[in-house]
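Since the structure comes first, as structure tokens, the remarks are kept for the end.
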2 protein chains.
Amino acid sequence: MTSLDAIDIRLLEALQKDAKQSIKQLAELVNLSVTPVHERIKKMENSGLIKEYVAVIDPDLLGKTLVAYCQVTLVRHKEDQFQEFEAYMNTLDEVMEVSYVAGNYDFLIKVLLKDMDEFQYFILHKLSKLEVISNIQSSFVIKSFKNNSAIKIRK
Amino acid sequence: MTSLDAIDIRLLEALQKDAKQSIKQLAELVNLSVTPVHERIKKMENSGLIKEYVAVIDPDLLGKTLVAYCQVTLVRHKEDQFQEFEAYMNTLDEVMEVSYVAGNYDFLIKVLLKDMDEFQYFILHKLSKLEVISNIQSSFVIKSFKNNSAIKIRK
DNA sequence: ACTGAAAAGAGCGCACT
DNA sequence: AGTGCGCTCTTTTCAGT
């Protein structure tokens, strides 16, 4: 892990908000010429700190307005059941996030769907197909704030 | 909402994986010349379907290895308490996501931190400052899969 | 580690089919 | 809606401080 100075941090914060800014713009932001800014960014890309650049799509405009969090509990806690669960989750497009957690349940999954009909279908015909699942508790998102992916970088 | 054809969908899927691809590359992908690809992308940007382009940073390389989900319940359900809660969440950098949900609790928040010490500090000195909170139940992420932001686009 | 300039490449508009 | 060309801006490399 390469150490970051104040300029790197400002660049990262800027790129997390808008990755399409030109190096020239970024250079003006940090009061440098383009070359060092270019080098700094390339270094952070190569180290893996900047993992990727992605387009963010508005799910609402695709008709995907229902977000649900499902707390899933498995019947017993055996290694291959976890792998089976994980593998199956990877085949489901509507499943956006899967976290294996320590707490009152085993997995927290975030699901993005069109509506309640799709949700019902998802639960009854997709999730419930797994016999390793003993319990599912769902919460529906009414409103969400702060869906930003930007990580605050402190020294 | 403008309707999407198969080419738009392929472009969106490609841009969700890697926003730094050149239009030339994308044009080859969909077997078109650069101009229509450029027009299609601009149209999707202007309609708001493509909301933004962002750099994705690896939290592990910044030492942020602890992800927690906190289920927060408020004391009573009054409008201004929700706004107070929302406003305060917006001031906290470690809070990545806030969802107001229908279920057994009121809010699900996702928190990104360095370690358990930071978590303890977060709960005791930041979250608990809000008197409107009556209960917090936390689950810690041991392992997470599918942390991709890519939305599956079907017709 | 930075500046400045120069070559290579991408974005973007235009005339046309 | 599509192709192909041309101008402009950006990225990327290189010599020099």
Side-chain angles (χ1 to χ4, degrees), chain A residues 1-63 148-155, chain B residues 1-58 61-63 148-155:
Chain A
M1 175 178 166
T2 61
S3 64
L4 304 173
D5 64 10
I7 291 172
D8 291 324
I9 291 172
R10 289 178 70 190
L11 292 174
L12 283 176
E13 286 172 344
L15 288 170
Q16 283 191 108
K17 289 199 192 98
D18 179 9
K20 279 280 160 88
Q21 294 173 85
S22 69
I23 298 178
K24 198 177 166 187
Q25 281 177 291
L26 293 167
E28 284 169 18
L29 184 73
V30 299
N31 294 313
L32 281 176
S33 59
V34 291
T35 312
V37 173
H38 181 252
E39 279 170 357
R40 282 163 180 268
I41 292 172
K42 278 284 162 270
K43 194 175 282 179
M44 294 192 286
E45 287 171 9
N46 293 333
S47 73
L49 218 202
I50 298 176
K51 277 164 71 178
E52 52 186 354
Y53 298 94
V54 301
V56 180
I57 289 180
D58 189 336
D60 289 349
L61 293 181
L62 288 171
N148 59 336
S149 53
I151 297 170
K152 175 72 176 190
I153 305 132
R154 280 178 298 228
K155 277 225 70 173
Chain B
M1 175 176 165
T2 62
S3 64
L4 304 172
D5 65 9
I7 291 173
D8 290 325
I9 291 172
R10 290 177 69 190
L11 292 174
L12 283 176
E13 285 172 344
L15 288 170
Q16 283 190 107
K17 289 198 193 101
D18 179 9
K20 279 279 160 89
Q21 293 173 85
S22 68
I23 297 179
K24 198 176 164 187
Q25 281 177 291
L26 293 166
E28 282 168 19
L29 183 73
V30 297
N31 295 313
L32 281 175
S33 58
V34 291
T35 312
V37 174
H38 181 252
E39 279 171 356
R40 282 164 180 270
I41 293 172
K42 278 284 163 269
K43 194 175 280 179
M44 294 192 286
E45 288 171 6
N46 293 334
S47 73
L49 218 201
I50 299 176
K51 276 163 73 177
E52 53 186 354
Y53 298 94
V54 300
V56 179
I57 289 180
D58 189 335
L61 293 181
L62 288 171
N148 59 337
S149 53
I151 298 170
K152 175 73 175 188
I153 304 131
R154 279 179 298 230
K155 276 225 72 172

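The figures here come from the full heavy-atom set of this structure, side chains too, leaving out hydrogens, waters and symmetry mates.
- For the pair A:Leu29 and A:Val37, the minimum side-chain heavy-atom distance is 4.5 Å or more.
- Atom pair B:Leu26:CG and C:dA10:P shows a separation of 11 Å (rounding to whole Å applied).
- Stem analysis of DNA chain C (at least three stacked-register Watson-Crick or G-U pairs, each with both distances under 3.5 Å) gives C:1-6 with D:12-17, C:8-17 with D:1-10.
- By the neighbour-count criterion of 12 heavy atoms within 6.0 Å, atom NZ of A:Lys20 is densely surrounded, having more than that number from other residues, nucleotides or ligands.
- One atom, CG of A:Leu11, and another, C1' of C:dA1, lie 14 Å apart when rounded to the nearest Å.
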Starting at the 5' end of nucleotides 11-17 of chain C, put B wherever the base has a protein heavy atom under 4.0 Å, S where only the sugar-phosphate does, and a dash everywhere else. SSBB---
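- Of the candidates B:His38, B:Glu39, B:Glu45, B:Lys42 forms a side chain to side chain donor-acceptor pair (under 3.5 Å) with just one, namely B:Glu45.
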Passes side-chain contact (heavy atoms from CB on, under 4.5 Å), B:Val54 versus A:Lys17? Steps please. CA-CA 6 Å; B:Val54 300; A:Lys17 289 199 192 98; over 6 Å; no
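- One can place CD of B:Gln25 at 15 Å from P of D:dT11, the figure rounded to the nearest angstrom.
- Counting heavy atoms from C-beta outward, A:Leu4 and A:Leu12 have side chains that approach closer than 4.5 Å.
- Inter-residue side-chain proximity for A:Arg40 and A:Leu32 is flagged as met; some heavy-atom pair is nearer than 4.5 Å.
- Close to D:dA1, at under 4.0 Å from its OP1 or OP2, lies no side-chain N or O of B:Arg40.
- For the pair A:Lys152 and A:Glu13, the minimum side-chain heavy-atom distance is below 4.5 Å.
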Check the pair B:Leu11 / B:Met44 against side-chain contact (heavy atoms from CB on, under 4.5 Å), numbers first and verdict last. CA-CA 10 Å; B:Leu11 292 174; B:Met44 294 192 286; 4.3 Å; yes
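- When the P atom of D:dG2 is taken as reference, atom NZ of B:Lys43 falls 9 Å away, rounded to whole Å.
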